[in-house]
Structure formats: structure tokens, C-alpha cells
Amino acid sequence: MVEYLCKLDEYGRITIPKDIRDDFLIDSTSELKLTLRNNEIIIGKRIKECEECKSKENLIFLEDFHVYICKECARKFVE
């Protein structure tokens, strides 16, 4: 495991070190996911997949919930 120490700037932002951004193919268009667990904030690259079945095809983004769902699962919820 590798750990980095980062400081917040005056606006509450952190900068992800360039070598990490390069390794994970993170750029200004990438979506990141923050997970709060116990006393930790875990930052991960958001994988576009259905929240229900984990499919990566035919996805719809539900803006109100900030999640992706595939068309097949969406049909199940509508029925």
C-alpha cells in the first residue's frame, strides 16, 4: 500500500499527484467517487456500471440519484 499526504487548499480542494492520475488514467473529464468508511475518505475512479446488476452496457445516468442503471434494470423498476 502506498500513502500520500495532501493538504487542502484555501477552497477545501486537494490535488491528486500526477503519477497517480497517470497510473489510473484520470484527467479533467474523469468522475471520481468518494466513499466514507469509518474515519476514512476513500477516493476512487468512478466505474460507469449499473448500480443494480453491474452491467457496463446500455447505461442511463439518473441525475437525481447520481447513479447509472442499465436499460434492462430500468425496465424492471418500471414494471
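- Pairs of residues two or more places apart, or lying in two chains, that qualify as side-chain hydrogen bond (donor to acceptor under 3.5 Å, both in side chains) and include a residue from residues 35-49 are Glu49-Lys56.
- In this structure Thr29 satisfies the side chain to side chain donor-acceptor pair (under 3.5 Å) test together with Asp27, sequence neighbours excluded.
- Not counting sequence neighbours, Ser55 has no partner by the side chain to side chain donor-acceptor pair (under 3.5 Å) test.
- Through side-chain heavy atoms spaced under 4.5 Å, either directly or across other Ile, Leu, Val, Met, Phe, Trp or Tyr residues, Ile60 is tied to Leu62, Phe65, Val67, Ile69, Phe77.
- From Lys71, atom NZ reaches atom NZ of Lys76 across 15.5 Å, with rounding to the nearest 0.5 Å.
- Cluster partners of Ile16, using a side-chain heavy-atom cutoff of under 4.5 Å among ILVMFWY residues and allowing indirect links, are Val2, Tyr4, Leu8, Ile14, Ile20, Phe24, Ile26, Leu32, Leu34, Leu36, Ile41, Ile43.
- Taking CD from Glu31 and CZ from Phe61, the interatomic distance works out to 6.0 Å, rounded to the nearest 0.5 Å.
- To the nearest 0.5 Å, the span separating NZ on Lys33 from CD1 on Ile42 amounts to 9.5 Å.
- Applying the side-chain contact (heavy atoms from CB on, under 4.5 Å) rule to Lys18 yields the partners Arg21, Asp22; only residues at least two apart in sequence or on another chain are considered.
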Practice task
Please lay out, stage by stage, how Cys50 and Leu59 fare under the test side-chain contact (heavy atoms from CB on, under 4.5 Å).
Solution key: CA-CA 7 Å; Cys50 176; Leu59 297 175; 4.1 Å; yes
